[in-house]
Amino acid sequence: EAYRQYYQTLIDELREKHKFTGARIAQPQNWYTFSAGTSGVPVSAVFAGDGTARVELYIDLGVAEENKALFDWLRNQKDSIESQFGFALSWERLDGKQACRIYVSRSGSIESSMEELEQVRQWQIDKLLLFKKLFAPLVKVGLKQIA
């Protein structure tokens with residue numbers, strides 16, 4: 001229930017203030033996924049099991065080889081991408097699994113104080129907006145390059 005309440009507030013702000021999503025109903029789970037303009041490559045707000053909150057680009061086009069090719073294409077531009085973001089990203093190719101992910105994280109869990117959860121929510125909103133703005137066009141170009 002705590003996850004549902006947290007994400008309800010997050011999606012309401014993203015929808016009403018930023019026109020980022022049409023989502024209306026949060027689910028009781030530790031992540032929420034939003035379209036970034038390409039099917040199979042959403043951006044997500046996540047509470048990881050290690051006591052961190054993340055914003056991530058999750059690459060799962062349905063075929064492992066395509067996922068790895070897009071990930072590798074993006075990672076080849078890591079310096080330029082991280083320069084645009086203004087901070088380092090974590091790059092997980094996840095060899096042996098189908099999907100890949102690129103994320104940024106900070107401390108925070110659903111059990112954090114209300115004050116800290118508000119800071120996490122604002123941080124996730126800022127990063128979700130940035131991830132969609134910067135990754136959406138790159139993913140489209142990358143998909144054309146690896147086709």
Asker: Roughly how far, to the nearest 0.5 Å, is CG of Leu138 from NZ of Lys140?
Answerer: 11.0 Å
Asker: May I ask you to test the Thr9-Leu117 pair for a side-chain heavy-atom distance under 4.5 Å?
Answerer: no
Asker: Any side-chain heavy-atom pair from Arg93 and Asp72 closer than 4.5 angstrom?
Answerer: yes
Asker: I'd like to know whether Lys68 forms a salt bridge (Lys or Arg N to Asp or Glu O under 4.0 Å) with Glu65, so could you lay out the CA-CA distance, the side-chain angles of the two residues, the decisive distance to 0.1 Å, and finally the verdict.
Answerer: CA-CA 5 Å; Lys68 303 309 178 198; Glu65 294 77 24; over 6 Å; no
Asker: If you measure from the Lys or Arg side-chain nitrogens to the Asp or Glu carboxylate oxygens, is any gap between Glu118 and Arg121 under 4.0 Å?
Answerer: yes
Asker: Over all heavy atoms of both residues, which pair between Val104 and Ala88 is shortest? Give the atoms and the distance, please.
Answerer: CG2-O, 4.3 Å
Asker: What's the shortest heavy-atom distance between Leu134 and Gln84, and which atoms?
Answerer: CD2-OE1, 3.6 Å
Asker: For residues 123-138, pull every pair meeting side-chain hydrogen bond (donor to acceptor under 3.5 Å, both in side chains), keeping only residues two or more places apart or in separate chains.
Answerer: Tyr6-Gln124
Asker: What donor-acceptor contacts under 3.5 angstrom involve side-chain atoms of residues 41-55, with partners at least two apart or in another chain?
Answerer:
unit_1: Ser44; atom_1: OG; unit_2: Thr33; atom_2: OG1; d: 3.1
unit_1: Asp50; atom_1: OD1; unit_2: Thr52; atom_2: N; d: 3.2
unit_1: Asp50; atom_1: OD1; unit_2: Thr52; atom_2: OG1; d: 2.5

Asker: Under 4.5 Å between side-chain heavy atoms, counting indirect links through other Ile/Leu/Val/Met/Phe/Trp/Tyr residues: same cluster for Phe85 and Leu128 or not?
Answerer: yes
Asker: Walk me through it: do Ile125 and Phe20 pass the test side-chain contact (heavy atoms from CB on, under 4.5 Å)?
Answerer: CA-CA 10 Å; Ile125 288 169; Phe20 182 85; over 6 Å; no
Asker: Hey, any chance Ile110 and Leu10 share a hydrophobic cluster, counting ILVMFWY side chains that come within less than 4.5 Å of each other, even indirectly?
Answerer: yes
Asker: For Tyr7 and Tyr3, take the angle between the two ring planes, folded into 0 to 90°, and tell me which bin it lands in: parallel under 30, tilted 30 to 60, perpendicular over 60.
Answerer: parallel
Asker: Count I, L, V, M, F, W, Y as connected when their side-chain heavy atoms are under 4.5 Å apart, and connections chain through other members. Are Leu130 and Tyr58 then in the same cluster?
Answerer: no
Asker: Sort and list the pairs that fulfil side-chain hydrogen bond (donor to acceptor under 3.5 Å, both in side chains) and have at least one residue in residues 104-115, not counting sequence neighbours.
Answerer: none
Asker: Ignoring hydrogens, what is the shortest heavy-atom contact between Phe131 and Ile102? Give both atom names and the distance.
Answerer: CE2-O, 3.6 Å
Asker: Would Leu94 end up clustered with Leu70 when hydrophobic side chains under 4.5 Å apart are linked, directly or stepwise?
Answerer: no
Asker: Using only atom types and a distance under 3.5 Å, with no angle test, would you say the side chain of Asn67 pairs donor to acceptor with the backbone of Cys100?
Answerer: no
Asker: Verify the cluster assignment for Val63 and Phe71: are they in a single hydrophobic cluster under the rule of side-chain heavy atoms below 4.5 Å apart?
Answerer: no
Asker: What heavy-atom pair brings Ile146 and Glu66 nearest, and what distance separates the two atoms?
Answerer: CD1-O, 3.8 Å
Asker: Phe135 vs Trp91 aromatic rings, parallel, tilted or perpendicular, using cut-offs 30° and 60°?
Answerer: perpendicular
Asker: Any sub-3.5 Å donor-acceptor pair from Gln8's side-chain atoms to Ala26's backbone N or O?
Answerer: yes
Asker: Can you measure from CG (Leu129) to NE2 (His18) and round to the nearest 0.5 angstrom?
Answerer: 5.0 Å
Asker: What are the two closest heavy atoms between Leu89 and Glu82, and how far apart are they?
Answerer: N-OE2, 2.9 Å
Asker: Given side chains that start at C-beta, do those of Glu1 and Gln5 come closer than 4.5 Å, heavy atoms only?
Answerer: yes
Asker: At their closest point, which heavy atom of Arg24 faces which heavy atom of Asp12, and how far apart are they?
Answerer: O-OD1, 4.3 Å
